[in-house]
Amino acid sequence: MSENNIIKKVTTQTLQQMKDSGEKISMLTCYDYSTAKIFDAAGIDVILVGDSLGNVMLGYPTTLPVTVDNMITYAASVVRAVKRAFVVVDMPFGSYQGDANLAVSNAVRIMKETGCQAVKIEGGQEIEASFKAILSAGIPIMGHLGLTPQSVNKFGGYGLRAKGSEEAQQLFQNAQLLQDYGCFSVVLEKIPAHLATEVTKTLSIPTIGIGAGNECDGQVLVYQDMMGITDMALPKFVRKYGNLGQYMSNVVSEYISDVKSGAFPSSEESY
Ligand code: KIV
């Protein structure tokens with residue numbers, strides 16, 4: 001293989017350099033081998049194996065039932081496909097809150113059994129002990145502030161977060177704390193754009209926005225949402241880049257029709 005063909009893996013250092021040089025970071029969720037291969041070859045910088053797999057892959061109404069075993073099965077398949085992208089795996093609800101020893105042992109399991117590069121956890125100062133324990137094991141953490149779906153029952157829904165000055169101030173302080181703990185990046189979900197801009201300008205680590213305006217250092221979307229596979233009503237921050245759901249439905253209809261009529265398989269497709 002010539003030197004030009006060697007694929008340079010994206011690392012936490014690459015992501016920091018991207019922030020420092022003003023190059024935006026592209027990130028999408030992904031949960032399986034075949035799709036991860038396509039995203040990686042297309043040049044996506046970061047793949048998040050999000051616990052949103054609870055919704056889009058497993059059909060749960062929230063992310064709360066997702067287990068560490070679920071995350072490991074999907075994430076390992078993604079890692080097997082990826083050559084270049086940085087792969088981050090969500091720690092699911094109950095796997096890191098309240099017990100720092102449990103947090104570190106679950107994070108170690110995820111790293112060992114998937115081969116991913118980092119974990120993502122939701123929250124701020126209230127889970128300081130878990131942040132510190134995981135980071136002390138040498139595991140990079142991407143934080144997640146704002147709308148944190150694992151706290152849906154506390155928030156009472158998936159509405160905009162940090163609208164008021166008190167919650168905005170708290171989010172700002174938490175973002176600074178995550179950087180001080182040693183997180184390499186932080187996701188800001190569904191917060192006012194001006195607040196995300198302020199956080200992005202203040203932090204030296206990259207921010208990744210989802211429903212947080214366009215001044216973040218990068219953007220992430222759930223891939224089924226942006227591809228037009230999801231049939232649910234989507235929040236306004238999702239841009240639909242495709243209509244894959246309709247395309248797949250048309251393809252399946254054509255196949256059904258060919259099977260029913262006997263047009264498939266042809267003699268060329270037979271032995
Ligand atoms: O689980 C997920 O997909 C996420 C993104 C929405 C950031 O956490």
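Among H144, Q16, M142, K120, the one residue that satisfies the side chain to side chain contact (heavy atoms under 4.5 Å, CB included) test with S185 is M142. Screening V88, I44, I210, V187 for a side chain to side chain contact (heavy atoms under 4.5 Å, CB included) with M27, the sole residue that qualifies is V187.
Checking side-chain atoms of R84 against main-chain N and O of A41 turns up no donor-acceptor pair under 3.5 Å. Between the side chain of N70 and the backbone N or O of T67 there is at least one donor-acceptor pair closer than 3.5 Å. Remark: the backbone N or O of S34 is paired with a side-chain donor or acceptor of D32 at under 3.5 angstrom. Side-chain N or O atoms of T200 include one that pairs as donor or acceptor with a backbone N or O of A196 at under 3.5 Å. Looking at T197, its side chain does come within 3.5 Å of a backbone N or O of A193 through a donor-acceptor pair. Between the side chain of Q179 and the main chain of S204, a donor-acceptor pair closer than 3.5 Å is present. Side-chain atoms of T148 never come within 3.5 Å of backbone atoms of Q150 as a donor-acceptor pair (strictly under, hydrogens ignored). Not one N or O on the side chain of Q176 forms a donor-acceptor pair closer than 3.5 Å with the backbone of Q173. T11 places a side-chain N or O within donor-acceptor distance of the main-chain N or O of Q13, the cut-off being under 3.5 Å. In terms of modelled atom types and a separation under 3.5 Å, the side chain of K190 and the main chain of G146 share no donor-acceptor contact.
In this structure, T63 OG1 and E122 CD are separated by 6.0 Å, a value rounded to the nearest 0.5 Å. A distance of 10.0 Å separates CG in L171 from CZ in R161, rounded to the nearest 0.5 Å. Atom CG of L15 sits about 10.0 Å away from atom CG of D217, to the nearest 0.5 Å. Rounded to the nearest 0.5 angstrom, L28 CG and I47 CD1 are separated by 8.0 Å. Of the inter-residue distances, the one linking K19 atom NZ with T207 atom OG1 reads 5.0 Å to the nearest 0.5 angstrom. Between the CD atom of Q224 and the CG atom of D231 there is a distance of 11.5 Å, given to the nearest 0.5 Å.
Atom NZ of K163 has 12 or fewer heavy atoms from other residues, nucleotides or ligands within 6.0 Å. No more than 12 heavy atoms of other residues, nucleotides or ligands lie within 6.0 Å of NZ in K37, so this atom counts as exposed by the packing criterion. Atom CD of E269 is surrounded by more than 12 heavy atoms from other residues, nucleotides or ligands within 6.0 Å. Remark: E254 CD is loosely packed, at most 12 non-hydrogen atoms of other residues, nucleotides or ligands lying under 6.0 Å away. When the shell of 6.0 Å around OH of Y255 is examined, it contains 12 or fewer heavy atoms from other residues, nucleotides or ligands. In this structure, Y247 places its OH atom where only 12 or fewer heavy-atom neighbours from other residues, nucleotides or ligands lie under 6.0 Å away.
In the hydrophobic clustering of this structure, L64 does not group with L53; members are Ile, Leu, Val, Met, Phe, Trp, Tyr whose side-chain heavy atoms approach within less than 4.5 Å, directly or through other members. A continuous path of ILVMFWY side-chain contacts below 4.5 Å connects V152 to L147, so both sit in one hydrophobic cluster. No single ILVMFWY cluster, assembled from side-chain heavy atoms under 4.5 Å apart, contains both L195 and Y158. Residue F172 is grouped with residue L178 when hydrophobic side chains (ILVMFWY) are merged at heavy-atom distances under 4.5 angstrom, including chains of intermediate members. Residues L58 and V78 are members of one and the same hydrophobic cluster, defined by side-chain heavy-atom contacts under 4.5 angstrom among Ile, Leu, Val, Met, Phe, Trp and Tyr.
Between the side chains of S266 and E268, at least one donor N or O lies within less than 3.5 Å of an accepting N or O. No hydrogens or angles considered: a donor-acceptor pair under 3.5 Å links the side chains of T29 and Y31.
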Requested in this report: Check the pair Q219 / I208 against side-chain contact (heavy atoms from CB on, under 4.5 Å), numbers first and verdict last.
Outcome: CA-CA 5 Å; Q219 296 292 330; I208 308 288; 5.7 Å; no
Report task. Please test V119 against M111 for side-chain contact (heavy atoms from CB on, under 4.5 Å), starting from the C-alpha separation and ending with a verdict. Result -> CA-CA 8 Å; V119 296; M111 298 297 288; 4.2 Å; yes
Query raised in the report: Do N174 and Q170 pass the side chain to side chain donor-acceptor pair (under 3.5 Å) test, and can you show the C-alpha distance, the side-chain angles, and the key distance before you say yes or no?
Result: CA-CA 6 Å; N174 270 325; Q170 199 182 33; 5.4 Å; no
Query - Stepwise side-chain contact (heavy atoms from CB on, under 4.5 Å) check, M91 with I134 - result: CA-CA 11 Å; M91 295 191 67; I134 296 169; 3.8 Å; yes
Query - Audit row: Y96, I127, side-chain contact (heavy atoms from CB on, under 4.5 Å) steps and yes/no - result: CA-CA 8 Å; Y96 60 91; I127 50 160; 3.7 Å; yes
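The two atoms that bring L188 and C216 nearest to each other are CD1-SG, 4.3 Å, heavy atoms only. Across all non-hydrogen atoms, the minimal contact from G94 to L102 is O-CD2, 3.8 Å. In this structure, G228 and N243 approach most closely via the heavy-atom pair O-OD1, 3.9 Å. Taking each heavy atom of P149 and E189 in turn, the nearest pair found is CD-OE1, 3.9 Å. Taking both residues in full, the closest heavy atoms of A36 and A81 are given as CB-CB, 3.8 Å, listed atom of the first, atom of the second, then distance. Between F93 and Q97, the shortest heavy-atom distance links the atoms CD1-NE2, 3.7 Å.
Between S26 and V46, every side-chain heavy-atom pair lies at or beyond the 4.5 Å cut-off.
A salt bridge does not link K83 with D40: none of the charged nitrogens is closer than 4.0 Å to a carboxylate oxygen. A salt bridge links K132 with E128; the closest basic N to acidic carboxylate O contact falls under 4.0 Å. Ion pair D45/K24 not flagged as a salt bridge, since none of the NZ, NE, NH1 or NH2 atoms sits closer than 4.0 Å to an Asp/Glu carboxylate oxygen.
Between F131 and Y181, the ring planes lie tilted relative to each other; the angle falls in the 30° to 60° range.
Taking the six-membered ring where the residue is Trp, the centroids of F184 and F86 are separated by under 6.0 Å.
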